[in-house]
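Before any comments, here is the structure.
Along the sequence shown, residues are numbered consecutively beginning with 1. These numbers come from the heavy atoms of this one structure, side chains and all, not from hydrogens, waters or symmetry mates. Read the numbers this way: they start at 1 and go in the same order the structure lists the ligands and their atoms.
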Amino acid sequence: MIRSLLSRLIPGRRAREPRIYSSAQHDLRRDSVSRGAAQVVDRLQEAGYRAFIVGGAVRDLLLGQRPKDFDIATNATPEQVKPLFRRAFIIGRRFRLVHVHVGGETIEVSTFRGPQNGASADEHGRILSDNVFGTQAEDAARRDFTINALYFDPVTEEIWDYLDGYKDILAHRLRLIGGPVTRYREDPVRMLRAVRLAAKLGCQIEAKTNAPIAKLAPLIQNVPAARLFEEMQKLLLSGHATESLQALRAHGLHHGLLPLLDVIMEQPLGSRFIDLALANTDARVREGKPVSPGFLFATLLWHETLAAWNARKQAGESPISALHEAMDQVLDSQAEKIAIPRRFGADIKEIWGLQPRFEQRSGRRPFRLLEQPRFRAGFDFLVLRAASGEVPEELGTWWQDFQDAHPAEREQMLVADESPPKRRRRRRGRGRGAGAAQEDGPDSAGGGAGEGGEP
Ligand code: ATP
Ligand code: MG
């Protein structure tokens, strides 16, 4: 009783004065951060506010990684921040912050937030709102890991550390702020973040932070699907997907994340196709090449689609229309579970829809396929299928050679029609909408920025 009263008065994670590391004590410099981020800090400080770069960017830089983006924390409220910049927008209803656009960058500016006293929580302790302003020390304490709670001032080049995060950086240690059980109950996604960040940063999860995960793993089921999807997308596109998924499995955290992952992760050896796809995605991310979520989800769902496609073909449907039926079937079932937001559907379908066309190597067809905006993504997908033994290796090689060949040589490469396409050119039945089933028709959707394959 007294203990709980005391802990409310002096919660363990209420940080005191920060330890300040001067520029002589660490390697971060003003020019380590983006120009936009430094400018936004300058402007806020000139206006008399406190402002720091905080969170993932500081952590990544200290660990020698390139930050994805820069977040700023300040004691100015969103209403005070906005008028200081020409292009600034207050966003978010529940969690209000300011997006400042400078050059091509978007810098996120948030006001220091306080403890969630009296915040609404669900019956498992999950916090449902988090929008109380607070002091900088409180802002540090409400963050998840100590290494995510470091503040860098690009003007003085100081690092402000309220929770010994800098020592944890040096030790490559991931330590949750506060009592792990409470913090995981407040937000079960922190368990996924622990696993993902440890894999991405090459850090060890500290014992106390690690201990409750196995038991609390089922709390993941209470997290809204859309939030889980965002987190899983980050994990899968982190450049460390293979490792992260292994760690999730080891922690018993692999149930109910994405319905499609359940299937994959239940197989003890995984599937060769998916292992290759993840390894390939990891390699691309690490080389700084573009990766599209659509391509990745197309790979994760391919086995299901392939099975449905084959079943329909065996039932006598024509290959192309069977594929399109199978695609719809699989994507609709995913959308129902909000496993994959519909916005990725078009991408996924285009990649899948190109696959049968790689088997046609006569006449003008290969030339037309080459001109498809999404040819590259489709081809990369074919290569994975060939590498996993689903289609002959030779098919992938042929298409590689066909691309590399001089236009004049290409004519020589054409393969006599193995299985002549059916005569009828008339359309059967109704079209199936976008990404339709024409074998040779123009590609309806212009593929966006070069993803899935080399630009
Ligand atoms: P990355 O962007 O590499 O995925 P990050 O740590 O920057 O990692 P963001 O989601 O961008 O992750 O969050 C920015 C910061 O907000 C974090 O560094 C952390 O301080 C805080 N934060 C994020 N998620 C949580 C959470 N679930 N609970 C508490 N603090 C969080
Ligand atoms: Mg971030």
For [atom], closest protein heavy-atom neighbour:
| atom | answer |
| --- | --- |
| atom 6 (O) of ligand 1 | Arg59 NH1, 2.8 Å |
| atom 4 (O) of ligand 1 | Arg196 NH1, 2.8 Å |
| atom 3 (O) of ligand 1 | Lys200 NZ, 2.8 Å |
| atom 9 (P) of ligand 1 | Lys234 NZ, 3.6 Å |
| atom 14 (C) of ligand 1 | Asp71 OD2, 3.8 Å |
| atom 30 (N) of ligand 1 | Asp144 N, 3.2 Å |
| atom 28 (N) of ligand 1 | Arg190 NE, 2.8 Å |

Ring centers of Trp302, Phe381 separated by less than 6.0 Å: yes
Pick from Glu108, Arg193, Arg143: the one approaching atom 12 (O) of ligand 1 most closely through a non-hydrogen atom: Arg193
Sidechain N-carboxylate O distance under 4.0 Å for [X], [Y]:
| X | Y | value |
| --- | --- | --- |
| Arg385 | Glu390 | yes |
| Arg19 | Asp164 | yes |
| Arg374 | Asp347 | yes |

Distance-only polar pair, side chains of His101 and Thr106, donor-acceptor under 3.5 Å: yes
No-hydrogen, no-angle side-chain donor-acceptor test under 3.5 Å, Asp139 and Tyr151: yes
Interatomic spacing from CZ in Arg59 to CG in Leu174 - rounded to 0.5 Å: 8.5 Å
Heteroatom proximity flag, Lys68 to ligand 1, N/O under 3.5 Å: yes
Test of proximity, Gly56 against ligand 1: N or O pairs below 3.5 Å: yes
Sub-4.0 Å atoms of ligand 1 with respect to non-hydrogen atoms of Asp187: 26 (C), 27 (N)
Which segment of [X] sits under 4.0 Å of ligand 1 when only heavy atoms are counted:
| X | result |
| --- | --- |
| Glu231 | neither |
| Val189 | neither |
| Arg142 | backbone |

